[in-house]
Amino acid sequence: MNTPSSEPRGPVDSSRIPRYAGPATFARLPRLDEVGGRTDVAVVGVPFDTGVSYRPGARFGGNAIREASRLLRPYNPAQDASPFALAQVADAGDIAANPFNINEAVETIEAAADDLLGSGARMMTLGGDHTIALPLLRSVAKKHGPVALLHFDAHLDTWDTYFGAEYTHGTPFRRAVEEGVLDTEALSHVGTRGPLYGKQDLRDDEKMGFGIVTSADVMRRGVDEVADQLRQRIGDRPLYISIDIDVLDPAHAPGTGTPEAGGLTSRELLEIIRGLSSCHLVSADVVEVAPAYDHAEITSVAASHTAYELTTIMSRQIAAARG
Ligand SMILES: N=C(N)NCCCC(=O)O
Ligand SMILES: [Zn+2]
Ligand SMILES: [Zn+2]
């Protein structure tokens, strides 16, 4: 059992056991049951993609990210931290969501998140399609109240319905605003681009409280200025970061279901995240990795590094809070 006085159990030592050997956990970390069922940061998969509007396949994203994360090393120089030594990080396996019933799947994901967050863990969730952000945010809000949201995505995901369905990967953040689980003073999309259904999409989104940093804004203003602006908007509120991997340009993330040209580079994404290391990050997700469209693990490597930076932020804060 991990207690503040016991040392966290870290990843398998890749100088003794080849990193390509054995079943994959995120970053070769222990499974949750190997650390007594309690952890500070739970990396959890949600193999669910019944909410997609175009190419399916994100149900395989979590395991692709785990496979691609074998090469992550324990010290993160960009944040000057050893995330797996500062706090216990463990792989909590997958949430078994019903692929034939979206409403039931959303309930299952919320209940599983309640259990993990209730045990004191922060969640680093690996999707799955973007539908899963809604039950995750519901659960986070039960614990922290309405949270600030930083949403990296080519898309707004604040649309209303598709084919009459309310729970889809294009609608989670409209539902979240309607349900009051978000702090509407601190909502930002980053990396937005591509064609919309109409100008009203932007008006609706603004009315919900979102600010937009487009992909072109990131290019023109640079990552430091963008991170500064986001930090100011977030302040010391509890923050949830949701990263749709299609925020990256298809050159950096071909393995996804709804690709849009003109996106961020993986370097830009990682640098913006690092610029947010002082924010109070309560949980995060990386979603929409669909390995069937990937090549040479380009997308899943980018996603694994993204999850590594987010995990580092959470671990540093947990260690700092312990003093
Ligand atoms: N969340 C993602 N990846 N995509 C949403 C796109 C919704 C649409 O097809 O309009
Ligand atoms: Zn998207
Ligand atoms: Zn999305």
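For ligands, and for the atoms within them, numbers begin at 1 and follow the listed sequence. Only heavy atoms go into these numbers, but all of them, side chains included; no hydrogens, no water, no symmetry mates.
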* Does Asp246 bring an N, O or S atom to under 2.8 Å of the Zn ion (ligand 3)? -> no
* Asked: So, is His169 polar-close to ligand 1, with some N/O to N/O distance under 3.5 Å?
  -> yes
* **Numbered atoms and elements of ligand 1 in range of Glu288, under 4.0 angstrom, heavy atoms** => 1 (N), 2 (C), 3 (N)
* How open is the angle at the Zn ion (ligand 3) from atom OD2 of Asp153 over to atom OD2 of Asp157, rounded to 10 degrees? -> 90°
* Asked: So, His155 and Asp157: side-chain donor and acceptor under 3.5 Å apart, yes or no?
  -> no
* Which N, O or S atom of His155 lies nearest to the Zn ion (ligand 2), by name -> ND1
* Check whether any N, O or S atom of His169 sits under 2.8 Å from the Zn ion (ligand 3). => no
* So, Thr214 side chain and Asp217 main chain: donor-acceptor pair closer than 3.5 Å or not? -> yes
* Asked: Would one find an N, O or S atom of Asp129, in either backbone or side chain, under 2.8 Å from the Zn ion (ligand 3)?
  -> no
* Of the non-hydrogen atoms in Phe26 and Val43, which two are nearest, and what is the gap between them? -> CB-CG1, 3.7 Å
* Asked: Do you know which N/O/S atom name in His130 is closest to the Zn ion (ligand 3)?
  -> ND1
* Asked: At a 4.0 Å threshold, what atoms of ligand 1 neighbour a non-hydrogen atom of Tyr197?
  -> 8 (C), 9 (O), 10 (O)
* **Close aromatic pair by centroid cut-off 6.0 Å: Phe173 and His130** => yes
* Asked: Do Arg231 and Asp236 sit within salt-bridge range, that is, some charged N less than 4.0 Å from a carboxylate O?
  -> no
* Would you name the N/O/S atom of Asp244 that lies closest to the Zn ion (ligand 2)? => OD2
